[in-house]
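Heads up: the structure comes next, in structure tokens.
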Number of protein chains: 2
Amino acid sequence: MKEVKADILLVEDDQNLGYMLQDFLEMEGYRIDLQKNGESGLTAFKSRQFDLCILDVMLPVKDGFSLAEEIHLINPQTPFIFVTAKALQSDRIKGLKLGADDYITKPFSTEELKLRIENILRRIGKQQENTHNNVFTIGQIIFDFANQVLQIHGEERRLTKKEALLLKMLCQNVNNLVRREQILLQIWGSDDYFMGRSMDVYIAKLRNYLKSEPTVNIVNIHGTGFKLEVNEL
Amino acid sequence: MKEVKADILLVEDDQNLGYMLQDFLEMEGYRIDLQKNGESGLTAFKSRQFDLCILDVMLPVKDGFSLAEEIHLINPQTPFIFVTAKALQSDRIKGLKLGADDYITKPFSTEELKLRIENILRRIGKQQENTHNNVFTIGQIIFDFANQVLQIHGEERRLTKKEALLLKMLCQNVNNLVRREQILLQIWGSDDYFMGRSMDVYIAKLRNYLKSEPTVNIVNIHGTGFKLEVNEL
DNA sequence: ACTCCCTGTTAATTTATTGTTAACCAACCA
DNA sequence: TGGTTGGTTAACAATAAATTAACAGGGAGT
């Protein structure tokens, strides 16, 4: 079950590029409506709400610029990105004047497009995936690293800095071993006997906090490290 | 009398380009602080508030990327644009990953730059307005940042500049942790022991002002920062 | 089973951070 | 000049967190 990060209207007449982008963006967690010309693009836009539009400039039936104008007329809020093969200065300026939030020229990497989309969505306040917010779900428990808080069945439990750091490390490696020395070096700064004992104390504390979740366990791998085990149902 | 549209920090080592841009942007109604290297750029940034930063990537003393990182640390709100001669894909991606709001490559027309600036300012405009109106409601209390006044049950209490800045920061992150270093960097300009103690004194003052509201609390997250908690009814 | 070493747990101790009040100082202003 | 005001530093109390200690189990090899 993946949460949809945002609804995107993609208008691109080049079949190959269109499908490729659709696939890529869907894999990134966006819901895509792919249209092949300006007119169907406009119809699609009218039919429901989108968080973002990606428009090719050269489109059959109705070009990207006039499409953008009409979209802007219908909903001036909606941000849009132009994609184009032409690197013409004048074209870029025309796009930006129309209020384009971004303007990228082919060839571009999907990585770049992804970052630009994320940037725009972040700015308009669309909630990004929580992974960047550092919110983890551990069984029924919600761990908000940024606020150092654990939500256990409605109850809030505040964590100390070290507790939070340690739990984050385990969460980032759910169901995977994290070696003692790695934890010690990263959180305690160095790996000696006493630091190690200190860490064990913290493991005990975390176990205590998580004990209400039977599907969640911090298991010890003798002589090696720990693993946060979460058994999905 | 010309209204200043925005304060822009421009860091560009190429004298010609730098002056040219400064002139152009000033004619456009922006107030420009031109710096010639990364280090002086950082100093300038610390010295006051900017609405936007335009950074060359290739800078003497401290490159644009690390400058951006530090700026982001001090005030994650501030948008920035990278300007560079290199059209390297990997560079563009690095910049965007750092959270750049835009990335434009030389040569570019001043017209394009102008449009991109307007775009960004327009986008942050809404939030800006709210935070430029700068009237927050904290439970029953009304905090007018612009006038540095707190309305507590009809009573007016005037705040000092630092008190107001600190309270604003907390308000902008209601119910969210604000880290000590971030407050210190943003308001006090640097993070050392005494600044920290000074801040603690201000926290005490604010707590005192807000103590009549039982639903409002400034809670300390030990070793990390503070959180303005407002419990809705 | 015996032994060594690693881990679990709780409590005691030490260290670091914060709360608070007041003294101090510099800038501003009548 | 002297009185305000805003801001910093100092000092001490109160807390919270982190480490250390102490002891009890447990695994793994012999």
Whole angstrom value for the distance that separates [atom2] of [N] from [atom1] of [X]:
X: B:Lys162; N: D:dT9; atom1: NZ; atom2: P; answer: 10 Å
X: B:Leu159; N: D:dG6; atom1: CG; atom2: C1'; answer: 12 Å
X: B:Ile187; N: D:dG7; atom1: CD1; atom2: P; answer: 11 Å
X: A:Leu210; N: C:dT9; atom1: CG; atom2: C1'; answer: 16 Å
X: A:Met195; N: C:dT7; atom1: CE; atom2: C1'; answer: 19 Å
X: A:Leu206; N: C:dT10; atom1: CG; atom2: P; answer: 14 Å
X: B:Tyr209; N: D:dG6; atom1: OH; atom2: C1'; answer: 10 Å
X: A:Phe194; N: C:dA12; atom1: CZ; atom2: P; answer: 19 Å

Within a strict 4.5 Å, meaning less than it, do heavy atoms of the B:Lys227 and B:Ile218 side chains meet?
no
Between the side chains of B:His72 and B:Gln77, does any donor sit under 3.5 Å from an acceptor?
no
Hey, are B:Glu112 and A:Tyr103 close enough side-chain-wise for a donor-acceptor pair under 3.5 Å?
no
Across the strands shown, which category fits B:Thr160 at heavy-atom distances under 4.0 angstrom: base, sugar-phosphate, nothing?
sugar-phosphate
For A:Arg158, does the CZ atom have more than 12 heavy-atom neighbours from other residues, nucleotides or ligands under 6.0 Å away?
yes
Should the pair A:Arg180-A:Asp200 be classified as a salt bridge under the 4.0 Å nitrogen-to-oxygen rule?
yes
Taking only the side-chain nitrogens and oxygens of B:Lys205, find out if one of them lies under 4.0 Å from OP1 or OP2 of D:dG6.
no
Using a cut-off of less than 4.0 Å, is there contact between a side-chain N or O of B:Trp188 and OP1 or OP2 of D:dG7?
no
Output field: ring centroids A:Trp188/A:Tyr202 closer than 6.0 Å:
yes
Return the minimal non-hydrogen interatomic distance between A:Ile152 and A:Ser212, and the atom names on each side.
CG2-OG, 3.4 Å
Could you tell me, to 10°, how much the axis swings from one end of the helix from C:dA1-D:dT30 to C:dA30-D:dT1 to the other, five pairs per end?
30°
A:Asn75 meets the side chain to side chain donor-acceptor pair (under 3.5 Å) criterion, sequence neighbours left out, with A:Thr78
For the residue pair B:Phe65 and B:Phe82, does the interplanar ring angle fall in the parallel (under 30°), tilted (30 to 60°) or perpendicular (over 60°) class?
perpendicular
Where protein sits on nucleotides 14-30 of chain C, one letter per nucleotide: B base, S sugar-phosphate only, - none, heavy atoms under 4.0 Å
---SBBBB---------
